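First up is the structure itself, then whatever we jot down about it.
Just so you know, these numbers come straight off a predicted model, no measurement behind them. Numbers for residues simply follow the sequence, beginning at 1. Quick note: numbers below take in every heavy atom, side chains included, and nothing from hydrogens, waters or symmetry partners.
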Amino acid sequence: MNTKSELLELFYKSKKKSLKWQKYFPVYECLLSKYKNKKITFVEVGILNGGSLEIWKEYFGKDSRIIGIDKNPDCKKFENENYEVFIGSQSDPIFWKNFYNKVGKVDIILDDGGHTNDQQLITLLESLDFIKNGGIHIVEDVHTSYLKRYGNPSKYSFINFSKKTIDDINFTFPKIGSFKNSINKFVYSIEFFESIVAFKIDRNLCGDNKFIVNSGIDKSIQDVTFSSDFLNFEKKYPFLYKFKFIRKILRVYSRILTKRKSKLLKKYFS
């Protein structure tokens, strides 16, 4: 990841006060540079002094639509010809319904709001249906999921929801599992950085995985992933391997051996 950041330069040049963690800037560049100079709608939740809105406008270019959201009514004064400002609570689903009714679909959401579990989670869940394919939802300051001030650590912290999403994405593979509350019809990829989680949106990449085979020449190479001296006796005893119950026994034994090997990895998870 490139540590040089145009955004960081804009941050220091800005005449309006803005607060950010330094290590976020190369992450921003990694996630957002492809949207520069395009006709996109960018939403930042939590604008405080309003300085970041000016930075984002200059970074994304004149064709970008920049929108700020804050709970504090005083922030409305930052609205001008370059960016819009909406006032409301990010933990209120009704606010989000009204917001998207007015704004429509967006490309990028950057959640730098209140950082509580409910604020981060509700913002994500209420926004997914309104983020365009190819868009992204970025939640920063997720280190609050580890802080007592924010009611954490908790089983229901935002970072734990994000970890759950790893399983959720993998559950698009056939017959692995499913969640009652799933977002894998929207999110096809998730990236973790220090204090930042990025959810990448594309409904076209969220369908069930399908096994495909091309028409190339088959060299008949055997898959030996689970082979052992015992399991690979097909060549030695082909007459036994023909029996279905023998093959079933070998499969069961293979699973037992694989599970035993997995238990030896326990030390790497401490």
Would you list the atom pairs, donor with acceptor, under 3.5 Å between side chains in residues 34-41 and any protein atom, with sequence neighbours excluded?
unit_1	atom_1	unit_2	atom_2	d
Tyr35	OH	Gly134	O	2.6
Lys36	NZ	Glu6	OE1	2.4
Lys38	NZ	Lys34	O	3.0

Are the side chains of Ile67 and Phe99 in touch, meaning some heavy atoms are under 4.5 Å apart?
yes

Tell me if a side-chain donor or acceptor on Asn80 pairs with a main-chain N or O of Tyr83 at a distance below 3.5 Å.
yes

For Thr258, is there any backbone N or O sitting under 3.5 Å from a side-chain donor or acceptor partner on Ser262?
yes

Side chain to side chain contact (heavy atoms under 4.5 Å, CB included) involving Ile94 - partner list, sequence neighbours excluded:
Asp92, Asn98

Look at the rings of Trp56 and Phe60 and say which category their plane angle falls in: under 30° parallel, 30 to 60° tilted, over 60° perpendicular.
parallel

Output a table of donor-acceptor pairs, distance under 3.5 Å, between side-chain atoms of residues 178-185 and any protein atom two or more places apart or on a different chain; print 'none' if there are none.
unit_1	atom_1	unit_2	atom_2	d
Ser182	OG	Asp168	OD1	2.8
Ser182	OG	Asp168	OD2	3.2
Ser182	OG	Asn184	N	3.2
Ser182	OG	Asn184	OD1	3.0
Ser182	OG	Asn184	ND2	3.4
Asn184	ND2	Asp168	O	2.9
Asn184	ND2	Asp168	OD1	3.1

Look at the side-chain heavy atoms of Ile, Leu, Val, Met, Phe, Trp and Tyr, link any pair under 4.5 Å apart, and say whether Leu110 and Leu7 land in one connected group.
yes

Step through the shown structure and confirm whether more than 12 heavy atoms of other residues, nucleotides or ligands are within 6.0 Å of NZ on Lys71.
no

For Lys105, look at atom NZ and say whether over 12 heavy atoms of other residues, nucleotides or ligands are found less than 6.0 Å away.
yes

Is Lys76 salt-bridged to Glu79, going by a charged N under 4.0 Å from an acidic O?
yes

Can Glu191 and Lys200 be counted as an ion pair, charged N to O under 4.0 angstrom?
yes

